[in-house]
Engineer: 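To start, I am sharing the structure in question, which I have written as structure tokens.
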Amino acid sequence: MVAQSLAIHHPGLVRKLILSGTGPAGGIGPSHPKMEEMMYKSEGSEEDAIETFLFLFYPETEKGRELGKQSLKRIFSQKTKDSTLQVRDAQLVAIAQWTNEDFDNAKKELNNIENPTLVINGDNDIMVPTENSFMLSQNISDAQLIIYPNAGHGHLFQHPVRFANHVNTFLNE
């Protein structure tokens, strides 16, 4: 969301734009029946937190769960401070405001982005539905779209080498 706003309002500061697992203002919000329950959990065991993370970021397949657990290990090995519920809730408010914007106005702003843009997502993103990636790529004039199969919102963690290669190729073109 921030990267889109920066490219719209200050295009000279952006050489190339990478939009990963995001959507346009006024885009399609999450519709999975368990979504709200999982997003607003504030209590529970460590196992509950792991299950919430896996639900939100990875497909509900054996391979998706295994890749999600590997990703969590990498995250926890690097993490030095826990986020608070206040931080999570502020982010959820910002996302809700973004989703509730007028898409017709957002579309006009997206049409003004002339920076080369790479849009990447998984084919099963339940947090920021994958359809949003198509909306971005269709409304930014110089956008290319990559959708990873059998991947969710955590596609960049699920396929870190592939993602890094795609980003490097795009940036080095």
Engineer: Which atom names give the shortest non-hydrogen contact between Met1 and Ala94, and what distance separates them?
Structural biologist: SD-O, 4.4 Å
Engineer: Keeping the roles fixed (side chain from Trp98, backbone from Gly23), state whether a donor-acceptor pair exists under 3.5 Å.
Structural biologist: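 The answer is yes, because a donor-acceptor pair under 3.5 Å joins these two groups.
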Engineer: Could you walk me through whether Val14 and Leu6 pass side-chain contact (heavy atoms from CB on, under 4.5 Å), step by step?
Structural biologist: CA-CA 8 Å; Val14 178; Leu6 185 64; 3.9 Å; yes
Engineer: Test of understanding: with side chain to side chain contact (heavy atoms under 4.5 Å, CB included), list the residues that count as partners of Lys108, not counting sequence neighbours.
Structural biologist: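 Side chain to side chain contact (heavy atoms under 4.5 Å, CB included) check on Lys108 returns nothing, list empty.
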Engineer: Give the C-alpha distance, both sets of side-chain angles, the deciding distance and a yes or no for side-chain contact (heavy atoms from CB on, under 4.5 Å) between Arg65 and Gln70.
Structural biologist: CA-CA 9 Å; Arg65 290 181 61 80; Gln70 290 173 19; over 6 Å; no
Engineer: My understanding is that only residues two or more places apart in sequence, or in another chain, count here; which of them pass side-chain hydrogen bond (donor to acceptor under 3.5 Å, both in side chains) with Glu114?
Structural biologist: none
Engineer: Would you give the length of the straight line joining atom NE2 of His155 to atom OG of Ser20, rounded to the nearest 0.5 angstrom?
Structural biologist: 2.5 Å
Engineer: Looking only at non-hydrogen atoms, find the nearest pair between Pro59 and Gly152 and report the distance.
Structural biologist: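 It is CD-N, 3.8 Å.
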Engineer: If the condition is side chain to side chain contact (heavy atoms under 4.5 Å, CB included), which residues does Thr130 pass it with, not counting sequence neighbours?
Structural biologist: Asn121, Asp125, Phe134, Ile147
Engineer: Can you get from Leu13 to Ile140 by hopping between Ile, Leu, Val, Met, Phe, Trp and Tyr side chains that sit under 4.5 Å apart?
Structural biologist: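 Cluster IDs for Leu13 and Ile140 match.
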Engineer: Only counting residues at least two apart or in another chain, list the ones meeting salt bridge (charged side-chain N to carboxylate O under 4.0 Å, His left out) with Arg162.
Structural biologist: none
Engineer: Counting only heavy atoms not in Gln91 (residues, nucleotides, ligands), do more than 12 fall under 6.0 Å from its CD?
Structural biologist: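 No, CD of Gln91 has 12 or fewer neighbouring heavy atoms, counting only those of other groups under 6.0 Å.
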Engineer: Tell me if the NZ atom of Lys107 is crowded by more than 12 foreign heavy atoms within 6.0 Å.
Structural biologist: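 No, because the 6.0 Å sphere around NZ of Lys107 holds 12 heavy atoms or fewer from other groups.
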Engineer: Can you list the residues that meet the side-chain hydrogen bond (donor to acceptor under 3.5 Å, both in side chains) rule with Gln144, with sequence neighbours excluded?
Structural biologist: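 Expected list: none.
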Engineer: Quick one: which of Phe53, Phe55, Phe57 gives a ring pair (Phe, Tyr, Trp, His ring centres under 6.0 Å) with His153?
Structural biologist: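 That would be Phe57.
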Engineer: Given the rule in the side-chain contact (heavy atoms from CB on, under 4.5 Å) test, do Thr117 and Ile18 qualify, once you have shown the distances and angles that lead to the verdict?
Structural biologist: CA-CA 6 Å; Thr117 302; Ile18 299 171; over 6 Å; no
Engineer: Identify whether Leu156 and Leu56 are in the same connected component of the hydrophobic contact network (ILVMFWY, side-chain heavy atoms under 4.5 Å).
Structural biologist: yes
Engineer: In the hydrophobic clustering (ILVMFWY, side-chain contacts below 4.5 Å, transitive), which residues join Val161, or is it alone?
Structural biologist: none
Engineer: Are Met135 and Ile126 connected in a single hydrophobic cluster, I mean Ile/Leu/Val/Met/Phe/Trp/Tyr linked by side-chain heavy atoms less than 4.5 Å apart?
Structural biologist: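 Result: no, two separate clusters.
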Engineer: Can any side-chain N or O of Lys16 pair as donor or acceptor with the backbone N or O of Phe170 at less than 3.5 Å?
Structural biologist: yes
Engineer: Identify, with sequence neighbours excluded, every residue that meets side-chain hydrogen bond (donor to acceptor under 3.5 Å, both in side chains) alongside Ser71.
Structural biologist: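 Only Tyr58 meet the side-chain hydrogen bond (donor to acceptor under 3.5 Å, both in side chains) criterion with Ser71.
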Engineer: Considering residues at least two apart in sequence or located in another chain, which fulfil the side chain to side chain contact (heavy atoms under 4.5 Å, CB included) criterion with Ala3?
Structural biologist: Leu17, Leu19
Engineer: Using a side-chain heavy atom cutoff under 4.5 Å and only I, L, V, M, F, W and Y, what cluster partners does Val87 have?
Structural biologist: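 Other cluster members: none.
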Engineer: Provide the full list of side chain to side chain donor-acceptor pair (under 3.5 Å) pairs with a residue in residues 164-173, sequence neighbours left out, each pair given once.
Structural biologist: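 As it turns out, the side chain to side chain donor-acceptor pair (under 3.5 Å) pairs with a partner in residues 164-173, which skip direct neighbours, are Tyr148-His166.
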Engineer: Roughly how far, to the nearest 0.5 Å, is the CG atom of Asn112 from the CG atom of Asn139?
Structural biologist: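 Asn139 CG to Asn112 CG: 11.0 Å, rounded to 0.5 Å.
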Engineer: If you look at every heavy atom in Phe103 and Pro24, which pair is closest and at what distance?
Structural biologist: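 Minimum heavy-atom contact is CE1-CG, 3.7 Å.
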Engineer: Holding to side chain to side chain contact (heavy atoms under 4.5 Å, CB included), I want the full list of residues that pass it with Glu131, two or more places apart in sequence or in another chain.
Structural biologist: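 By the side chain to side chain contact (heavy atoms under 4.5 Å, CB included) rule, Glu131 matches Ile28, Pro129.
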Engineer: Establish whether Phe163 and Val119 are linked, either directly or via other cluster members, by ILVMFWY side-chain heavy-atom contacts under 4.5 Å.
Structural biologist: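 Different clusters.
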Engineer: Quick one: are Asn132 and Thr22 in side-chain contact, heavy atoms under 4.5 Å?
Structural biologist: no
Engineer: Have Glu101 and Gln97 got a donor and an acceptor in their side chains that come within less than 3.5 Å?
Structural biologist: no
